[in-house]
Amino acid sequence: MDAPKPAFKEKVFSGVQPTGNLHLGNYLGAIVKFVELQKTHDCIYCVVDLHAITVWQEPEELTKAIREVTAAFIACGIDPKQHIVFNQSQVAEHAELAWVFNCVARLGWVFNCVARLGWLNRMTQFKEKAGKDRENASVGLFAYPNLMAADILVYRATHVPVGEDQKQHLELSRDIAQKFNNDYGASIRARGFGDAFFPQPEPLIQGPATRVMSLRDGAKKMSKSDPSDQSRINLTDDPDAIALKIRRAKTDPEPLPHDEKALEARPEADNLVGIYAALAGITKAQVLNQFGGGQFSAFKPALSDLLVAKLSPVTAEMRRLKDDTAYIDSVLADGSARAQALAAETMKAVKDIVGFVRR
Ligand code: ATP
Ligand code: MG
């Protein structure tokens, strides 16, 4: 019989990189769910600036993006008083725990068949971002998932709302938690933490649209770091910019189908219909009931109007907050202090479990 699983208090953690401003994919894949979870859970939302520098960031741009992503969080409805909003580099424990995860590799029974470099080698984000030039990618880009595991586990968080692209990293976080619990099992038990020190964090891939694709290429996901601004709808875009981007969005010459099945072979059409459905809170089949048989020239303006209607309140609030750097910085300072108090407790225990001598 399996030993009973230790109960961990439910806690939500997630992060967004300040590699640019938030776009529609971040919003529909992650932020909408972040906001909803505040009603039921203690939530920690982090602007993950240490992750951002795994690829080069101009210092002034990075500072600006950290503040903009924070403003976007608040404008979308995240409450930094009730919950915690902060930037990762202000809590050194993230990097400290990541180093431990970089190292944990006890050879022995259960896991000796799995080489740790082997785990990281399989990560598709690294393959995509490093591109053909893998030898010149930063060590940080390769080790990114270990830092992500540390972000979550330093709070012993149990639930992680993310878009579909982060599923593989979340699975790795679960493996890392389990490996730590196994490798240090005796030490964990000896210090009174029961059978497991870290929970197995659960991915919540439940936004209204979990994988929004680029407007220029239906095979690529919408990304902050895509060099083409035409590939994404930013939360800061004004109505004219939105209308232009949707008008220029790649499509095919066929009219929209009546049947959802027919979207499978038409990624660009599928993406636009999916965006409409997610924003309107209806199914793709319902969108096709309304627009099936019609041309994109009729559908695209309706989609632009819906985007403007849904995003403009957020955009207006972001504009208002963005220039108030004193307020944004005070939110981050307050959130960092509260996050650090929690993270420091975990690190103390981790140091004892690992066998470090501490004050
Ligand atoms: P970058 O290109 O720098 O990696 P990004 O656009 O991928 O930026 P992240 O900060 O890496 O954004 O991700 C923040 C959150 O948004 C994550 O939960 C991620 O899964 C989600 N997300 C990112 N892109 C999309 C997308 N196109 N559709 C749905 N969710 C997404
Ligand atoms: Mg990303």
Side-chain angles (χ1 to χ4, degrees), residues 12-37 43-58 61-62 64-66 68-70 72-73 76 78 85 87-88 123-131 137-138 140-141 144-145 147-149 151-152 157 159-173 201-229 231-236 245 249 267-268 270-272 274-275 277-279:
V12 168
F13 176 92
S14 198
V16 173
Q17 298 190 76
T19 39
N21 214 317
L22 293 197
H23 55 71
L24 185 66
N26 303 135
Y27 182 71
L28 294 175
I31 310 293
V32 169
K33 187 73 186 172
F34 289 9
V35 173
E36 187 188 313
L37 284 163
C43 301
I44 304 174
Y45 295 128
C46 185
V47 183
V48 288
D49 45 14
L50 297 177
H51 283 283
I53 62 163
T54 55
V55 294
W56 174 252
Q57 306 295 326
E58 290 296 336
E61 290 298 313
L62 180 63
K64 200 167 134 228
I66 292 168
E68 282 186 359
V69 171
T70 309
F73 276 180
C76 290
I78 291 171
V85 171
N87 59 315
Q88 189 185 21
M123 297 294 119
T124 47
Q125 177 174 290
F126 175 71
K127 290 184 202 160
E128 280 169 19
K129 290 198 174 179
S138 70
L141 186 62
Y144 184 113
L147 178 59
M148 179 161 156
D151 297 336
I152 299 162
H159 292 81
V160 187
V162 283
E164 214 271 331
D165 64 298
Q166 291 301 320
K167 184 166 186 264
Q168 195 185 31
H169 288 167
L170 247 301
E171 277 159 11
L172 187 67
S173 296
E202 223 178 278
L204 300 174
I205 304 176
Q206 299 168 344
T210 54
R211 189 172 177 81
V212 177
M213 307 309 281
S214 157
L215 299 178
R216 309 301 297 165
D217 178 354
K220 259 171 58 183
K221 83 166 189 73
M222 190 176 280
S223 279
K224 280 187 248 97
S225 56
D226 190 314
S228 165
D229 192 57
S231 70
R232 61 184 163 261
I233 303 285
N234 304 302
L235 297 190
T236 44
K245 286 178 179 180
E268 283 86 11
D270 186 37
N271 189 38
L272 296 184
I275 292 171
L279 288 168

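Keep in mind the model is a prediction, meaning the values are calculated, not measured. For ligands, and for the atoms within them, numbers begin at 1 and follow the listed sequence. Side chains are part of it too, since the values below use all heavy atoms of this structure and drop only hydrogens, waters and symmetry mates.
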Next item on the list: Keeping the roles fixed (side chain from N271, backbone from M213), state whether a donor-acceptor pair exists under 3.5 Å.
Entry: yes
Checklist line | Option with minimal heavy-atom separation from atom 21 (C) of ligand 1, where the choices are G20, P203, S225, G163 | finding: G163
Next item on the list: Answer side chain, backbone, both or neither: which part of S223 comes under 4.0 Å from ligand 1, heavy atoms only.
Entry: both
Item checked: Protein heavy atom at shortest distance from atom 9 (P) of ligand 1 -> K224 NZ, 3.3 Å
Margin query: Assess whether a salt bridge exists between K33 and E36, defined as any Lys/Arg side-chain N lying under 4.0 Å from an Asp/Glu carboxylate O.
Written below: yes
Check: Checking E268 side chain against G218 main chain: does a donor-acceptor pair fall under 3.5 Å?
Finding: yes
Check: So, is Q166 polar-close to ligand 1, with some N/O to N/O distance under 3.5 Å?
Finding: no
Notebook entry, point to check: Just which atoms of ligand 1 are under 4.0 Å from any heavy atom in G29?
Noted result: 29 (C), 30 (N)
Next item on the list: Would you tell me which option among N271, V47, N26, I205 has the nearest heavy-atom contact to atom 13 (O) of ligand 1?
Entry: N26
Margin query: When you compare the side chains of Q88 and D151, does any donor N or O come within less than 3.5 Å of an acceptor on the partner?
Written below: yes
Next item on the list: Record the part of H23 in heavy-atom contact with ligand 1 below 4.0 Å; permitted values are side chain, backbone, both and neither.
Entry: side chain
Check: Less than 3.5 Å between some nitrogen or oxygen of S14 and one of ligand 1, yes or no?
Finding: no
Note to self: Tell me the protein heavy atom at minimum distance from atom 28 (N) of ligand 1, and give that distance in Å.
What the structure shows: V212 N, 2.9 Å
Notebook entry, point to check: Does ligand 1 have any atom sitting under 4.0 Å from a heavy atom of K129?
Noted result: yes
Check: ligand 1 and K221, any nitrogen or oxygen pair closer than 3.5 angstrom?
Finding: yes
Check: Checking T19 side chain against S225 main chain: does a donor-acceptor pair fall under 3.5 Å?
Finding: no
Note to self: One pair to check against side-chain contact (heavy atoms from CB on, under 4.5 Å): L170 and M148. What are the steps and the verdict?
What the structure shows: CA-CA 8 Å; L170 247 301; M148 179 161 156; 3.4 Å; yes
Item checked: Identity and separation of the nearest protein heavy atom to atom 20 (O) of ligand 1 -> D165 OD1, 2.6 Å
Next item on the list: Tell me, with the steps shown, if H159 and L37 meet side-chain contact (heavy atoms from CB on, under 4.5 Å).
Entry: CA-CA 10 Å; H159 292 81; L37 284 163; 5.9 Å; no
Notebook entry, point to check: After noting the C-alpha distance and the side-chain angles of Y45 and V16, does the key distance pass the side-chain contact (heavy atoms from CB on, under 4.5 Å) rule?
Noted result: CA-CA 8 Å; Y45 295 128; V16 173; over 6 Å; no
Checklist line | Nitrogen or oxygen atoms of G25 and ligand 1 under 3.5 Å apart | finding: yes
Note to self: Need the ligand 1 atom indices (1-based, order shown) with element for anything under 4.0 Å from a heavy-atom of R211.
What the structure shows: 28 (N), 29 (C)
Check: Of all the atoms in ligand 1, which lie at a distance below 4.0 Å from a heavy atom belonging to T19?
Finding: 1 (P), 3 (O), 8 (O)
Checklist line | Nearest non-hydrogen protein atom, atom 11 (O) of ligand 1 | finding: Q17 NE2, 3.1 Å
Margin query: Which of the numbered atoms in ligand 1 are under 4.0 angstrom from any heavy atom belonging to A30?
Written below: 15 (C), 16 (O), 18 (O)
Check: Judged by atom type as modelled, is there a donor-acceptor pair below 3.5 Å linking the side chain of K224 to the main-chain atoms of Q17?
Finding: yes
Next item on the list: Report yes if M222 has an N/O atom closer than 3.5 Å to an N/O atom of ligand 1; otherwise report no.
Entry: yes
Check: Should the proximity of T210 to ligand 1, defined as any heavy atom under 4.0 Å, be assigned to the side chain, the backbone, both, or neither?
Finding: backbone
Margin query: Within the supplied structure, the quantity of interest is the number of heavy atoms (other residues, nucleotides, ligands) at a distance under 6.0 Å from K129 NZ; does it exceed 12?
Written below: yes
Item checked: Pairing of K221 and D226 as salt bridge, 4.0 angstrom limit -> no
Notebook entry, point to check: Which bit of V16 is near ligand 1, meaning a heavy atom under 4.0 Å away: side chain, backbone, both or neither?
Noted result: both
Notebook entry, point to check: Ignoring hydrogens and geometry, is there a side-chain-to-backbone donor-acceptor pair from T210 to Q206 under 3.5 Å?
Noted result: no
